[in-house]
Amino acid sequence: MISKKMAEKLNDQLNKEFFSAYLYLSISASCSSQGFNGASNWFFIQYQEENAHALKLFRYLDDQNVDLDLRTISAPELEGLSFIGAFEASLNHEQKMTRHLNELSDFSFQEKDHATYNFLQWYVTEQVEEEATLNHIIDQIRIVGNDGYGLLTIDKELGTRTFIDPTL
Ligand code: OFO
């Protein structure tokens, strides 16, 4: 059983997860149009991951008998993102998501909603890995700077990423 307020906040988070998916799909397209096919693949998988995050939340709300409130997903605002800019914008976005998830987790704890608190810890932990991965890629891009060969080597590596559903 979940309070009305908790359900509202989880519905908000569901929308945010779908927005994240949408954002990464859009970055994937932007990388592809610049010829960074590896990064485009990487962001496409990121899109699939965020979609899986959203669906995990969807199932939880359904299990808790909450009326789902699927809302409009805003259009991502991306203009002229460079190769490094794509990853910096993503890190920035994930840091924001971490703050939202921490607030949600705090709220569930205050409400003594232990089931939701436990459920949310999966997301909190997942954020640590997501931020670390993005920081690592940004560091690598900074090391090569504007060296074309270096950038293409990183892009090639990003192209090897495959999708493994993190929620299974
Ligand atoms: Fe990385 O945002 Fe989902 O949780």
Side-chain angles (χ1 to χ4, degrees), residues 2 5-31 36 38-64 66 68-78 81 83-111 113-141 154 157-168:
I2 267 189
K5 195 99 197 172
M6 187 80 253
E8 245 170 58
K9 286 178 182 285
L10 290 172
N11 261 310
D12 277 353
Q13 186 62 28
L14 176 65
N15 184 273
K16 287 186 172 69
E17 298 291 346
F18 276 128
F19 174 77
S20 299
Y22 214 36
L23 173 72
Y24 292 131
L25 189 61
S26 159
I27 298 181
S28 171
S30 152
C31 290
F36 289 117
S40 175
N41 167 70
W42 195 92
F43 280 108
F44 188 80
I45 286 161
Q46 197 61 16
Y47 151 76
Q48 290 176 292
E49 285 216 356
E50 293 300 341
N51 224 20
H53 294 176
L55 295 179
K56 183 179 173 74
L57 205 39
F58 175 92
R59 281 184 226 108
Y60 181 72
L61 289 168
D62 195 41
D63 285 347
Q64 291 280 13
V66 167
L68 281 151
D69 176 20
L70 296 178
R71 304 176 193 153
T72 307
I73 303 168
S74 320
E77 283 175 27
L78 297 172
L81 276 186
F83 188 56
I84 193 166
F87 291 94
E88 285 171 339
S90 304
L91 177 61
N92 201 284
H93 176 71
E94 288 304 330
Q95 287 168 338
K96 243 191 276 169
M97 290 296 277
T98 300
R99 283 195 289 276
H100 289 309
L101 285 159
N102 282 338
E103 280 164 23
L104 260 185
S105 176
D106 278 351
F107 187 79
S108 64
F109 197 75
Q110 280 159 24
E111 286 226 319
D113 180 348
H114 296 290
T116 302
Y117 177 81
N118 272 338
F119 171 77
L120 287 170
Q121 298 323 294
W122 183 88
Y123 288 85
V124 170
T125 307
E126 178 80 356
Q127 286 304 113
V128 176
E129 193 207 303
E130 293 207 329
E131 286 189 30
T133 305
L134 285 164
N135 268 315
H136 177 67
I137 297 170
I138 291 167
D139 284 347
Q140 285 188 323
I141 302 174
I154 293 172
E157 176 66 26
L158 295 169
T160 62
R161 186 181 187 195
T162 53
F163 178 62
I164 299 164
D165 188 334
T167 67
L168 297 180

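Counting starts at 1 for both ligands and their atoms, in listed order.
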Can you tell me how far CH2 of Trp122 sits from CG of Leu57, rounded to the nearest 0.5 angstrom?
10.0 Å

Gln127-ligand 1 polar pair, N/O distance under 3.5 Å
yes

Would you say ligand 1 has an N or O under 3.5 Å from any N or O of Tyr123?
no

Would you say Tyr22 has more than 12 foreign heavy atoms packed within less than 6.0 Å of its OH?
no

Tell me whether Glu17 has at least one N, O or S atom under 2.8 Å from atom 3 (Fe) of ligand 1.
yes

2.8 Å cut-off met by an N, O or S atom of Glu94 to atom 1 (Fe) of ligand 1:
yes

Pairwise distance CG(Leu120) to CG(Leu10) - rounded to 0.5 angstrom:
6.0 Å

So, for Tyr47 and Phe44, is the gap between ring centers shorter than 6.0 Å?
yes

Can you sort out which atoms of ligand 1 are near His53, meaning under 4.0 Å from one of its heavy atoms?
1 (Fe), 2 (O), 3 (Fe), 4 (O)

Mind checking the CD-CG spacing from Gln48 to Leu25? Nearest 0.5 Å is all I need.
9.5 Å

Which N, O or S atom of Glu50 lies nearest to atom 1 (Fe) of ligand 1, by name
OE2

Measure the distance from atom 1 (Fe) of ligand 1 to every protein heavy atom, then report the residue, atom name and distance (to 0.1 Å) of the closest one.
Glu130 OE1, 2.0 Å

Look up atom CZ in Phe87 and atom CG in Leu158, then write down how far apart they are to the nearest 0.5 Å.
4.5 Å

